[in-house]
Number of protein chains: 2
Amino acid sequence: MTNNTPVTLKFLAEKLKMSVSTVSKALNNYPTINEYTKKRVQEMARELHFTPNKSAINLKEKKSRIIGIILPNLLDHFFTRSIYGVEQFATQNGYNVIISQSHDDLEKEIQSANMLLRSRVDGLIVAISKHTQDFAHLDQFENMGIPVVYYTRNPSFNLSCHKVLGNTFQGCYKATQFLINRGHKKIAYLGGPKMINFTHDRFNGYINALKDNGVPFSADLVAYTDFDKENTISAIQNLFDNPQNTPTALVAFKEPILFDAIKYLRSINHPNLDQIECIGFGNTSFISYLDSPPIASVEENPESVGENAIKLLLQLINREIDMENYQKVMVDCKLIVHEA
Amino acid sequence: MTNNTPVTLKFLAEKLKMSVSTVSKALNNYPTINEYTKKRVQEMARELHFTPNKSAINLKEKKSRIIGIILPNLLDHFFTRSIYGVEQFATQNGYNVIISQSHDDLEKEIQSANMLLRSRVDGLIVAISKHTQDFAHLDQFENMGIPVVYYTRNPSFNLSCHKVLGNTFQGCYKATQFLINRGHKKIAYLGGPKMINFTHDRFNGYINALKDNGVPFSADLVAYTDFDKENTISAIQNLFDNPQNTPTALVAFKEPILFDAIKYLRSINHPNLDQIECIGFGNTSFISYLDSPPIASVEENPESVGENAIKLLLQLINREIDMENYQKVMVDCKLIVHEA
DNA sequence: TTGTAGGCGTTATCAA
DNA sequence: TTGATAACGCCTACAA
C-alpha cells in the first residue's frame, strides 16, 4: 500500500504530461489557466493525495507560518489555558504553533530558543524562566527581524521589548478591597518568591488597597514563601502565631499554596478558622471539592493573556506595528466569588 | 540593530571569499577541510550569528526531524504528563515536537493531521478523538511512509496499527483486588462513557478481580456516567439508594468524577460514609487537600505511556521495526495507597 | 493559455 | 584541500 515515489508537482506534471508550472498555477487557481486544465490537475492531485511540501514553500517564501511558544511548564494550568487563546487565533490566521517547555531552566530555554530559530518561526511568544536575566538567546530573534512578545513573566531587566502581562496589581487590589468591604481589618498577605517580579506587583496592590481604604498596614501580616510546602507552613506559622493578633483574612499569591496554608491551619485546629476568609490567585476548578474553600479567587484570565499576545505578535509580523515601537498590554484580573 | 541581509552560507562565503561548498563543509567539520580554514569559517559564522535554515535542510534531506502529536486536550493532566515522556526522549534524539489539540472534535483532528502532513513530520503520535471511527486522515501518513503510533485511546476499529495503551484492565483489577483484600464484599463500580473503549476494559478488570476472589457480582453495584456532574450524581443515587444494600467501597473510572461522587454523598450526609473506601483513576496531587480522600489511586503512568510511544515511533522511523509489523505495547498501572 | 528558467539555502558528487 | 554544479520541491517573471 505504501506509495514510494513522493507525489510532487513534478510527478503530477509527468502524469499529466504538462509542465510543472502549469500544475502549480492550476493548483493555486491562477486565472490564466484554462478551466478544464485546472479541473484535470486538481482531480489528479486529489486522487494521488498530493500535499504541498511546506519546507519547500517556506524556503521560497522565507517564512514558516509557525509561531513558537516557550513557557516554563505545561503542568501549570495557567499556561495550558493561555495556549488556548494563542492557538485559536493563530490557527484562524493560518499559523501553526510549536510549544517548547523550559521547565524554568535557563539552559533548556536557550536550547528551545535556538531550535525555534533554526525552524525560522515567524514570531515568538515567551514566558521566561525565573532565572532569565540575560536575553541574548531571545534578542537573536529581533536581530533577525523576528518579532518577540514576552508574556506573563515580566522581563524587567529588558526594557525594550513587547509585553503582555496579567494585571496582577489590580487583581490583588481587588481581592484586598473585597475583604475590606466585608469588614476585615487584619488581612494577611502571603507572597511568592521574591525573584519573580509579580510578587512585588501583587504586594503593591495589597498595600494600595489598604491605604486607599484607610486600613493600617502591619508588617506582621506579611510573609513570603515559594512553591515548597515546608516554607509555606512556616510562613503561615509566622502569620498566625500570635493568638491576640490573628489575621481574619488572607490573600495568597497562588491557590495551591493557599490550599497548603488552609490545610495546615485545619490540621492544628486553629480557633475560628471558619471565620477566616481567604483568596488566592488561580480559580482552580478543584475548589468546589474543598471543605474550607476560599471565599473568592482571582481569575487571571490566561486565555485572554494568550490571545492578546498572539494578536500583538501578528500585528508585528504583519508590520502593522513597528518592531521598535514597544508595546505593553495589561490584562485585567477578575474576582470570582464562590457560592457557599 | 536589525540585520537585513540574511546570514546564509552564500553570505558567509562572500565575506570570506571562498565557495559556498567550502563554507558548508567547514561548518560540518568535514575532514577534507584545512583546519585553519575551518577556524576562520566557524569564527565568522559565530560572529554573524549564522543559523542554518531548517527548511532548506529538510528539503534536502527529505526529513523534518519533527514529531507530530495530536491529542484531545492539554487541560487533562494525563495528556500533559504524557508529553513529558515524549518530549524528553524526542529531544535527546534530535527531534522537535509539534503538539496539536483536537478538543475531541473530529473536524479539528482532521485539520491537525493535514497541517502536520504538510509539515512533513517524520512520525505521528495520536490519541484519537472520541468520535474518530474513520481513519482516512491518519492513514495518509502511513501511505506516505510516515509511521503513526496510536496511544492512550484505543482505535479498536483500526486493527492494523501500532498502539501504546495504558493497561487499564490491570489497573482496575488491582484496585478491585485491593478493596477485596481489605475485606470489602460490596464494591460498586462507576464506569465512564460507553463510547470510550477503556470503559469496558476497566469493567472487565473489575469483574475478573471479583471472580478470581470468589466475590459475587451484582448488577446493582454497577453504574455509568460521563463527564457531566448531574449524570454522576444520578448514577451515585442509583448505587447508594438502597439503605439495606449500600456498597462499602467504590471504584470510579476517573478521579474528578469520583470527587463529584464523594461530594454528593457528603452533601446528603450519607450514613457511615467514613467507612466507604474509594479508588479512582488518576492520582491527582489535589487529593491531599480533600477531607474524605480516596484510600488509593490508580496511577496510569502517563509519562511512561508517552515514553513508550516515542520509543516505538523512533524505532519505526529508523526502520528498526517494520511498518507492517504492528506492535502493541501495554503500560501497567500502579496502585498508590494514600496515607491517612 | 502554457512552458522555460532561475532561485530560495543547503548538501553531496565530482572535478580541479 | 577547494570549488563548480546539480538537486531537493515550489513559485513566478518572463518568453513562447
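Chain naming here is simple, since letters A, B, ... match the order of the sequence lines and numbering starts at 1 in each.
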- Query: Does A:Lys311 pair with A:Glu307 as a salt bridge, N-O distance under 4.0 Å?
  - Reply: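 Result for this pair is yes, salt bridge flagged.
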- Message: Using a strict heavy-atom distance below 4.0 Å, which residues from residues 21-29 of chain B are in contact with DNA chain D?
- Response: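 Only B:Ser21, B:Thr22, B:Lys25 qualify.
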- Task: Test B:Ser112 against every option in B:Ser100, B:Ser129, B:Ser102 by the side-chain hydrogen bond (donor to acceptor under 3.5 Å, both in side chains) rule and name the one that passes.
- Result: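 It is B:Ser100; the other options fail the test.
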- Message: On DNA chain C, compare the nucleotides closest to A:Leu59 and A:Thr32; which residue's is nearer the 5' end?
- Response: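 On the 5' side of the pair lies A:Thr32.
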- Query: If you find the nucleotide of DNA chain D closest to B:Lys60 and the one closest to A:Val20, which residue's nucleotide is nearer the 5' end?
  - Reply: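 Counting from the 5' end, the first nearest nucleotide belongs to B:Lys60.
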- Message: Which is more 5' along DNA chain D, the nucleotide nearest B:Ile33 or the one nearest B:Ala56? Just name the residue.
- Response: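 Nearest-nucleotide comparison on DNA chain D picks B:Ile33.
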Is the backbone N or O of [Y] less than 3.5 Å from a side-chain atom of [X], with the two atoms forming a donor-acceptor pair by type?
X: B:Glu14; Y: B:Phe11; result: no
X: B:Asn53; Y: B:Ser55; result: yes
X: B:Lys54; Y: B:Ser64; result: yes
X: A:Asp104; Y: A:Pro72; result: no
X: A:Ser24; Y: A:Val20; result: no
X: B:Asn93; Y: B:Tyr95; result: no

- Task: Evaluate salt bridge (charged side-chain N to carboxylate O under 4.0 Å, His left out) for B:Glu35 paired with B:Lys38, printing each intermediate quantity in order.
- Result: CA-CA 5 Å; B:Glu35 280 306 319; B:Lys38 275 189 197 169; 3.5 Å; yes
- Is the B:Tyr326 ring parallel, tilted or perpendicular to the B:His162 ring (thresholds 30°, 60°)?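 Tilted.
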- Which of parallel (below 30°), tilted (30 to 60°) and perpendicular (above 60°) describes B:His77 and A:His77?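 Ring orientation, 0 to 90° scale: tilted.
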Once you apply a heavy-atom cut-off of 4.0 Å, does [X] come out as touching a base, just sugar-phosphate, or nothing?
X: B:Leu9; value: base
X: B:Tyr36; value: nothing
X: B:Thr37; value: sugar-phosphate
X: A:Lys62; value: sugar-phosphate

- Item | Outermost nucleotides of DNA chain C that come under 4.0 Å of a non-hydrogen atom of chain A |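 From 5' to 3', the first and last contacting nucleotides are C:dT1 to C:dG9.
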- Task: At the 4.0 Å heavy-atom cut-off to chain B, mark where contacts on DNA chain D begin and end, going 5' to 3'.
- Result: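 Contact boundaries, 5' end first: D:dT1 to D:dG9.
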